[in-house]
Asker: 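Let me give you the structure first, and then I'll get to my questions.
Side chains are part of it too, since the values below use all heavy atoms of this structure and drop only hydrogens, waters and symmetry mates.
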Amino acid sequence: MTKEEVKLLIEAELQKPPEEISIISLVDNLILYTYKLKTSDIHFEPQENTVKVRARIDGVLHTIFYLPREIKEEIISRIKVLAGLRTDEHNAPQDGRFKFKIFDEDKNFDIRVSIMPTYHGENTVLRLLTQSDSDFKIESLGFSERDLAIVKENINRPYGMILVTGPTGSGKTTTLYTILSELNSDTISIVTLEDPVEYSISNITQIQVNPFTGLTFGSGLRSILRQDPNIIMVGEIRDKETATIAINAALTGHLLLSTLHTNDAPTAVVRLSEMGIEDFLISSTVNVVIAQRLVRKICPSCKTEKAVTLSDLEVFNKYLPKEELYQLENVKTLYFGKGCNQCNQTGYLGRIGIFEVMPVTKAIQEVIMKGWDSNQIKEVAIQEQMTTLIQDGFKKVLKGITTIEEVLRVTHE
């Protein structure tokens with residue numbers, strides 16, 4: 001079925017009196033419709049007189065339906081049943097997951113469920129985990145030719161740390177999974193420690209942290225080292241204990257991949273120092289830091305040329321280095337999406353990464369050892385030819401992949 005056909009089924013169901021609505025059919029079709037829209041998350045948000053349903057498409061929330069208040073409890077109960085959660089509990093947060101089958105595509109995927117009590121009732125968010133092993137291709141992430149070569153060189157080292165950094169929702173986990181898929185083979189042992197495990201990857205041992213049983217990032221990582229791994233992926237370095245064990249693992253012949261919540265690549269090494277890790281250990285173990293964001297791509301079906309304006313040039317002048325500004329003299333047109341049925345009138349379809357890849361070169365090792373701050377490290381990294389996040393974004397603007405507004409939105413400039 002097309003998304004339009006599924007939408008008609010939902011609308012037909014909502015025309016009925018609340019007591020005649022088939023809750024099972026409605027929930028199934030809502031999930032199917034949002035899947036067809038390429039949604040990552042579905043929000044069921046209880047209001048005073050209705051239930052608002054919103055879908056996160058390419059990182060942005062869109063309101064798609066309003067459901068009758070009278071069926072709120074039944075909708076939530078149906079989701080709880082699917083996820084194996086307690087239907088009689090309404091005052092405590094609950095988390096679960098279930099499998100969903102798309103019959104016309106013969107495809108199964110997992111859905112993660114989070115339920116939280118609020119003033120107007122239980123707020124429910126479904127995360128659609130629709131990617132598979134075959135989707136994780138390093139060439140499709142959006143690295144420039146130079147950055148891709150640096151990443152491939154560093155992930156193929158036998159030991160050291162690969163750090164991916166950025167805010168929540170910037171695609172860090174996808175980058176880590178993609179690197180693991182690139183390295184995955186029968187001749188090495190890969191073990192991951194995650195919170196939660198999002199996608200199952202064949203031939204990789206994946207462990208989910210569980211604080212209730214004492215399985216934290218720190219204790220789990222310590223135990224993993226006794227499992228004879230070659231490569232370890234830790235979902236996030238959150239504290240000194242995890243950071244210390246991770247550094248020791250990288251020092252003792254393991255390749256360790258993890259994430260940090262920092263705004264750019266240079267700040268990641270400073271964050272490790274703030275956690276209490278000695279500067280000489282950071283400089284000798286971190287191979288490369290990748291900072292990233294996700295930008296929406298211009299919809300190819302309604303992609304339209306536009307003349308470069310004075311304000312466009314002012315933005316480029318502000319953020320691009322002088323040597324690249326000379327190339328702009330010949331750029332007369334940029335692109336945008338007018339909006340069409342393919343992209344739900346947004347002008348955007350799909351997302352791609354913009355990246356800041358900082359290999360820890362000898363020059364950067366020296367300034368880390370001196371205890372320099374992130375701005376000073378960034379200056380040295382730029383001298384070493386690092387492309388900043390916003391510069392990489394604008395290169396994609398000039399190639400007609402995305403827009404200036406989108407790059408400025410995700411970098412908060």
Side-chain angles (χ1 to χ4, degrees), residues 141-144 146-155 157 160-172 175-176 179 234 236-240 242-244 246-247 250 256-295 318-324 353-396 407-408 410-413:
L141 290 176
F143 287 113
S144 67
R146 174 189 174 274
D147 287 348
L148 181 61
I150 291 169
V151 170
K152 284 192 169 185
E153 177 192 344
N154 281 283
I155 66 175
R157 288 188 182 185
M161 286 181 75
I162 311 289
L163 292 175
V164 183
T165 184
T168 302
S170 59
K172 300 187 298 295
T175 297
L176 287 178
I179 291 171
V234 183
E236 185 183 348
I237 295 176
R238 293 179 179 172
D239 51 44
K240 183 179 180 180
T242 309
T244 301
I247 289 282
L256 189 133
L257 290 72
S258 193
T259 70
L260 282 171
H261 283 285
T262 63
N263 285 328
D264 60 13
T267 309
V269 294
V270 176
R271 179 64 53 83
L272 287 175
S273 181
E274 289 170 349
M275 286 181 181
I277 306 301
E278 297 284 353
D279 291 335
F280 76 92
L281 290 173
I282 298 169
S283 67
S284 57
T285 54
V286 178
N287 294 347
V288 65
V289 184
I290 304 164
Q292 67 178 79
R293 301 287 189 279
L294 291 175
V295 293
K318 183 176 179 182
Y319 294 108
L320 288 178
K322 287 179 182 175
E323 59 270 20
E324 290 184 21
I354 59 172
F355 297 93
E356 185 173 278
V357 177
M358 186 183 82
V360 180
T361 60
K362 280 189 168 59
I364 292 173
Q365 282 180 329
E366 287 174 11
V367 296
I368 292 173
M369 293 276 285
K370 291 175 182 175
W372 285 14
D373 65 28
S374 58
N375 289 328
Q376 293 169 310
I377 295 171
K378 187 169 190 171
E379 285 178 20
V380 174
I382 290 170
Q383 289 169 16
E384 296 276 289
Q385 309 304 310
M386 180 186 82
T387 302
T388 65
L389 273 168
I390 202 158
Q391 288 169 1
D392 189 49
F394 284 150
K395 285 181 179 181
K396 290 179 170 70
V407 173
L408 294 176
V410 302
T411 54
H412 306 299
E413 292 284 359

Asker: Could you give the distance from CZ (Arg146) to CZ (Phe355), rounded to the nearest 0.5 Å?
Answerer: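 Answer rounded to 0.5 Å: 14.0 Å.
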
Asker: Decide yes or no for Val360 and Ile368: does some side-chain heavy atom of the first lie under 4.5 Å from some side-chain heavy atom of the second?
Answerer: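 Result yes, sub-4.5 Å side-chain heavy-atom pair found.
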
Asker: For Met386 versus Met358, what's the shortest heavy-atom pair and its separation?
Answerer: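 Heavy atoms only, the tightest pair is SD-CB, 3.6 Å.
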
Asker: If you round to the nearest 0.5 Å, how far is OH of Tyr319 from CG of Leu408?
Answerer: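 Spacing of CG (Leu408) from OH (Tyr319) equals 6.0 Å.
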
Asker: Verify, without hydrogens or angle tests, whether Ser284 (side chain) and Phe280 (backbone) share a donor-acceptor contact under 3.5 angstrom.
Answerer: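 Yes, because the side chain of Ser284 sits within donor-acceptor range (under 3.5 Å) of the backbone of Phe280.
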
Asker: Take Val286 and Leu272 through the test side chain to side chain contact (heavy atoms under 4.5 Å, CB included) and record every step on the way to the result.
Answerer: CA-CA 10 Å; Val286 178; Leu272 287 175; 4.1 Å; yes

Asker: Find out whether Val164 and Leu257 are in side-chain contact, i.e. whether some heavy atom of one side chain is under 4.5 Å from a heavy atom of the other.
Answerer: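 No; the side chains remain at least 4.5 Å from each other.
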
Asker: With rounding to the nearest 0.5 angstrom, report the NZ to CD1 distance, Lys396 to Ile354.
Answerer: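 Lys396 atom NZ to Ile354 atom CD1 measures 7.5 Å (nearest 0.5 Å).
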
Asker: Can a donor-acceptor pair be found, under 3.5 Å and without considering hydrogens, that links the side chain of Glu356 to the backbone of Thr388?
Answerer: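 Between the backbone of Thr388 and the side chain of Glu356 there is no qualifying donor-acceptor contact (under 3.5 Å).
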
Asker: Please evaluate residues Val269 and Val289 with respect to the criterion side chain to side chain contact (heavy atoms under 4.5 Å, CB included), reporting the C-alpha separation (whole Å), side-chain torsions for both, the decisive distance (0.1 Å), and the verdict.
Answerer: CA-CA 8 Å; Val269 294; Val289 184; 4.3 Å; yes

Asker: Taking Val270 as the fixed residue, which of Ile282, Ile377, Asp279 is the one that meets the side chain to side chain contact (heavy atoms under 4.5 Å, CB included) rule?
Answerer: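 One option only clears the test, and that one is Ile377.
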
Asker: Under a 3.5 Å distance rule, please check whether Asp147 uses its side chain to pair with a backbone N or O of Phe143 as donor and acceptor.
Answerer: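 Not a single qualifying donor-acceptor pair exists.
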
Asker: Roughly how far, to the nearest 0.5 Å, is the CD1 atom of Ile237 from the CG atom of Leu260?
Answerer: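 Answer for the CG-CD1 pair, Leu260 versus Ile237, is 5.0 Å.
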
Asker: Hey, could you give me the CZ/CD1 distance between Arg157 and Ile155, rounded to the nearest 0.5 Å?
Answerer: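 Nearest 0.5 Å value for the CZ-CD1 distance: 12.0 Å.
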
Asker: Could you pull out the closest heavy-atom pair between Ile364 and Pro359, with the gap in Å?
Answerer: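 For Ile364 versus Pro359, the nearest heavy atoms are CD1-O, 3.3 Å.
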
Asker: Judged by atom type as modelled, is there a donor-acceptor pair below 3.5 Å linking the side chain of Lys172 to the main-chain atoms of Gly166?
Answerer: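 Pair found, side chain donor or acceptor close to backbone of Gly166.
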
Asker: Please identify each residue that fulfils side-chain hydrogen bond (donor to acceptor under 3.5 Å, both in side chains) with Glu366, with sequence neighbours left out.
Answerer: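 By the side-chain hydrogen bond (donor to acceptor under 3.5 Å, both in side chains) rule, Glu366 matches no residue at all.
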
Asker: Can you give me the closest heavy-atom contact between Val380 and Ala363, atom names plus distance?
Answerer: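 Closest approach of Val380 to Ala363, heavy atoms only: CG1-CB, 4.0 Å.
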
Asker: Please assess Asn154 against Ile162 for the test side chain to side chain contact (heavy atoms under 4.5 Å, CB included), listing each intermediate value before the final yes or no.
Answerer: CA-CA 8 Å; Asn154 281 283; Ile162 311 289; 4.1 Å; yes

Asker: Mind checking the CG-CG spacing from Asn287 to Leu163? Nearest 0.5 Å is all I need.
Answerer: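 Atom-to-atom, Asn287:CG and Leu163:CG are 9.0 Å apart.
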
Asker: Testing Asn263, Ile390, Val407, Asp392 for side chain to side chain contact (heavy atoms under 4.5 Å, CB included) with Arg293, which one passes?
Answerer: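 One option only clears the test, and that one is Asn263.
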
Asker: Do Gln292 and Thr175 pair up side chain to side chain, a donor and an acceptor below 3.5 Å, judged on atom types alone?
Answerer: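 Yes, Thr175 and Gln292 have a side-chain donor paired with an acceptor closer than 3.5 Å.
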
Asker: Counting distance only, does the side-chain N/O of Ser258 pair as donor-acceptor with the main-chain N or O of Val234 below 3.5 Å?
Answerer: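 At least one qualifying donor-acceptor pair exists.
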
Asker: For the side chain of Arg271 and the backbone of Pro266, is there at least one donor-acceptor N/O pair under 3.5 Å apart?
Answerer: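 Between the backbone of Pro266 and the side chain of Arg271 there is no qualifying donor-acceptor contact (under 3.5 Å).
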
Asker: Any chance you could lay out the side chain to side chain contact (heavy atoms under 4.5 Å, CB included) test for Ile290 and Val151, step after step, and finish with the verdict?
Answerer: CA-CA 8 Å; Ile290 304 164; Val151 170; 4.0 Å; yes

Asker: Testing Asp264, Thr262, Thr267 for side chain to side chain donor-acceptor pair (under 3.5 Å) with Thr165, which one passes?
Answerer: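 Looking at Asp264, Thr262, Thr267, the match for Thr165 under the side chain to side chain donor-acceptor pair (under 3.5 Å) is Thr262.
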
Asker: Just do the side chain to side chain donor-acceptor pair (under 3.5 Å) check on Glu236 and Thr259 with the steps written out, would you?
Answerer: CA-CA 5 Å; Glu236 185 183 348; Thr259 70; 5.1 Å; no

Asker: Looking only at heavy atoms, what is the nearest atom pair of Ser283 and Gln365, with distance?
Answerer: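 Closest approach of Ser283 to Gln365, heavy atoms only: O-NE2, 2.9 Å.
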
